[in-house]
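Here's the structure we're looking at; comments come further down.
This structure is a prediction, so every number in the text was calculated from the model and none was measured.
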Amino acid sequence: MLNAALDKARAGQRLSRTDALALYTEAPTHVLGRLADAARARRHPDRVVTYIIDRNVNYTNVCVARCNFCAFYREVGASEGYVLGFDEIFRKIDETIAVGGGQLLLQGGHNPDLPISWYEDLFRAVKSRYPDFKLHALSPPEVLHISRMAQLPVPAVIDRLIAAGLDSIPGGGAEILVDRVRKLLHCYGKATADEWLGVMRHAHMAGLRTTATMMYGTVETLEERLEHMFRLRDLQDETGGFTAFITWSFQPDHTELGRDHGVTQEATGIDYLRTLATARLVLDNFDNLQSSWVTQGGKVGQLSLLFGANDMGSVMIEENVVRAAGAAYCMDELEIVRNVEDAGFAAKRRNMHYEILGDPIFRERDVPRMLSLAKARAEGDTHVPAELLNYEARSRAGRAARGQ
Ligand code: SF4
């Protein structure tokens, strides 16, 4: 079984589920790495590794989904709950532009007190102030949440968000696209596997490009990790709309899953590299695989370039979600480029469509170094943005806070 799978992988042939499982479970790690590196080289023979300068902004941490692997969310009415004001978001955009960035990765909790008009007004306000700035925003479960709140079908929500300025959709909230796992992680309600894929299908049909993600290392089996990859491969065959695949391991600190269900250990670096390499071999219709150095650290992130990754993801300016669960790795552009070049690749800046924008920006002009991660908001800042009063809240706590 293993030999047949190895032969197919060496020849660059499409792998079956049986092939992938044999490679994942039986191939020595260095062999898996070499196969993935060869597959990467077939798609990217120029030895270029890309990265993007953007900012990861979480517009709210208030969430009704309550996934048990999440340390980021706060319940409706909690004192630590926040919604960023438009002015705060503009400031973050200004800071992003100052270090050469051109995009926000904008995601947040499922806040019942933000109607679709809040998102539309925010997007319009961003586009009118910063016409060329890109909004990579709202993962599929957020789109579903907005569609349920607005009682509108998903395609109509996507069309309205595009009209307001949405440029592309991040692949968050996929976790593992198998409903048995999603029920155990309390994320089946926010989006079933079919619903997640359905939002992406609609987005691709509407002309948006999106990414795809996988969070592994909770309660899933290896077969279920592979099933996730095969479901993505099937949709990519159908639409071709995914630009990249990003995988990372569950971060257990401060999560209900870690605290109450005993999933306290993070997957190891070898597990990460084997998972990444297997994904490169299975996802033969994905051009780009990102290194998740934010969760794995810079050194494993660098090694991932030899296990199938061709992209270092984003220069990290701000991070709130995985930091809440214990991971706080930070690399600015200079550090990312140092790691890429030391691994024997040329580093190039890109946009969300993976079009090359140029060489590292710090070689063109002075940019401030970003050696610590910014947060969504300063500790203890609980102010309620003025414009929120213009939107009708649905929760009792939200109505009380807005005097409605
Ligand atoms: S992962 Fe997202 S949807 Fe789930 S609880 Fe956290 S913020 Fe809410």
Any side-chain heavy-atom pair from Val181 and Val219 closer than 4.5 angstrom? yes
Arg34/Asp37 salt bridge by N-O under 4.0 Å criterion: no
Roughly how far, to the nearest 0.5 Å, is CG of Leu257 from CD of Gln251? 12.5 Å
Can you give me the closest heavy-atom contact between Phe286 and Gln236, atom names plus distance? CE1-CB, 3.6 Å
Does any part of the side chain of His383, heavy atoms only, come nearer than 4.5 Å to the side chain of Glu88, both counted from C-beta? yes
Which atom names give the shortest non-hydrogen contact between Gly109 and Tyr59, and what distance separates them? O-OH, 3.8 Å
Compare every heavy atom of Leu15 with every heavy atom of Ala5, then report the nearest pair and how far apart it is. O-CD2, 4.2 Å
Carboxylate-amine/guanidinium contact Arg66 Glu75, below 4.0 Å: yes
Can Asp46 and Lys348 be said to form a salt bridge (charged side-chain N to carboxylate O under 4.0 Å, His left out), step by step? CA-CA 12 Å; Asp46 48 7; Lys348 300 276 185 192; over 6 Å; no
Go through the steps to decide whether Leu177 and Phe230 satisfy the test side chain to side chain contact (heavy atoms under 4.5 Å, CB included), and finish with yes or no. CA-CA 10 Å; Leu177 291 170; Phe230 280 95; over 6 Å; no
With side chain to side chain contact (heavy atoms under 4.5 Å, CB included) as the test, would you mind laying out the steps for Ser314 and Tyr51 before giving the verdict? CA-CA 6 Å; Ser314 171; Tyr51 62 94; over 6 Å; no
Is the closest side-chain donor-acceptor distance between Asp271 and Thr268 under 3.5 Å? no
Could you check Arg231 against Asp194 for salt bridge (charged side-chain N to carboxylate O under 4.0 Å, His left out), going step by step and ending with a plain yes or no? CA-CA 9 Å; Arg231 295 216 66 185; Asp194 281 346; 2.7 Å; yes
Crowding at CG, Asp366 (>12 non-hydrogen neighbours, <6.0 Å): no
Tyr272 versus Ser304: any side-chain heavy-atom pair under 4.5 Å? yes
CZ/Arg363 to CD/Glu333 distance, rounded to the nearest 0.5 angstrom? 8.5 Å
Taking atom CD of Glu392 as the centre, report whether more than 12 heavy atoms of other residues, nucleotides or ligands fall under 6.0 Å from it. no
Heavy atoms from other residues, nucleotides or ligands near CD of Glu238 exceed 12 (cutoff 6.0 Å): yes
Name each donor-acceptor pair under 3.5 Å that joins a side chain in residues 100-108 to protein atoms two or more places apart or in another chain, with its distance.
| residue | atom | partner | partner atom | Å |
| --- | --- | --- | --- | --- |
| Gln103 | NE2 | Asp54 | OD2 | 2.9 |

Taking C-beta and beyond as the side chain, do Leu6 and Leu23 meet within less than 4.5 Å on heavy atoms? yes
Can you see which heavy atom on Met229 is nearest to which on Ala279, and at what distance? SD-CA, 3.6 Å
Which value, rounded to the nearest 0.5 Å, describes the distance between Asn288 atom CG and Arg43 atom CZ? 8.5 Å
CA sep, side-chain torsions, deciding dist, call: Asp284, Arg42, salt bridge (charged side-chain N to carboxylate O under 4.0 Å, His left out): CA-CA 11 Å; Asp284 56 7; Arg42 281 194 291 275; over 6 Å; no
Do the side-chain N and O atoms of Ser139 and Glu142 include a donor-acceptor pair separated by under 3.5 angstrom? yes
Kindly write out the residues that satisfy salt bridge (Lys or Arg N to Asp or Glu O under 4.0 Å) with Glu220, not counting sequence neighbours, or none if the list is empty. Arg225
Quick one, Pro140 and Glu195 - any side-chain contact, counting heavy atoms below 4.5 Å? no
Taking side chain as C-beta onward, heavy atoms only, is Tyr82 less than 4.5 Å from Asn58? yes
Within the 3.5 Å criterion, strictly below it, is a donor on His353 or Thr243 matched to an acceptor on the partner's side chain? no
Check whether any side-chain heavy atom of Tyr391 sits under 4.5 Å from a side-chain heavy atom of Val83, and report yes or no. no
Tightest non-hydrogen contact, residues Phe86 and Ala125, listed as CD2-CB, 4.4 Å
Report yes or no: do Arg274 and Thr29 form a side-chain donor-acceptor pair below 3.5 Å? yes
Does Arg350 reach the main-chain N or O of Ile356 with its side chain, forming a donor-acceptor pair under 3.5 Å? no
Whether Asn61 side chain and Glu80 backbone form a donor-acceptor pair below 3.5 Å: yes
Sequence neighbours excluded, every pair satisfying side chain to side chain donor-acceptor pair (under 3.5 Å) that has a member inside residues 393-403: Asp113-Ser395
Between Ala397 and Val76 the two heavy atoms that sit nearest each other are CB-CG1, 4.1 Å
With rounding to the nearest 0.5 angstrom, report the CZ to CG distance, Phe242 to Leu283. 9.5 Å
Take Arg338 and Glu335 through the test salt bridge (charged side-chain N to carboxylate O under 4.0 Å, His left out) and record every step on the way to the result. CA-CA 5 Å; Arg338 193 170 76 87; Glu335 195 57 21; 2.9 Å; yes
dist Met214:CE -> Leu276:CG (nearest 0.5 Å) comes out at 9.0 Å
Full working for side chain to side chain contact (heavy atoms under 4.5 Å, CB included) between Val99 and Phe362: CA-CA 9 Å; Val99 293; Phe362 68 83; over 6 Å; no
Calculate, to the nearest 0.5 Å, the distance between atoms CZ and OG1 belonging to Phe307 and Thr278 respectively. 10.5 Å
Ionic contact status for Glu120 with Arg160, cut-off 4.0 Å: yes
Does a side-chain heavy-atom distance below 4.5 Å link Asp167 with Lys127? yes
Could you check Leu122 against Tyr119 for side chain to side chain contact (heavy atoms under 4.5 Å, CB included), going step by step and ending with a plain yes or no? CA-CA 5 Å; Leu122 172 64; Tyr119 297 89; 5.7 Å; no
Candidate list Glu224, Glu227, Glu223, test salt bridge (charged side-chain N to carboxylate O under 4.0 Å, His left out), partner Arg180, passing option: Glu224
Test item: Asp179 side-chain N/O and Ala193 main-chain N/O as donor-acceptor pair under 3.5 Å: yes
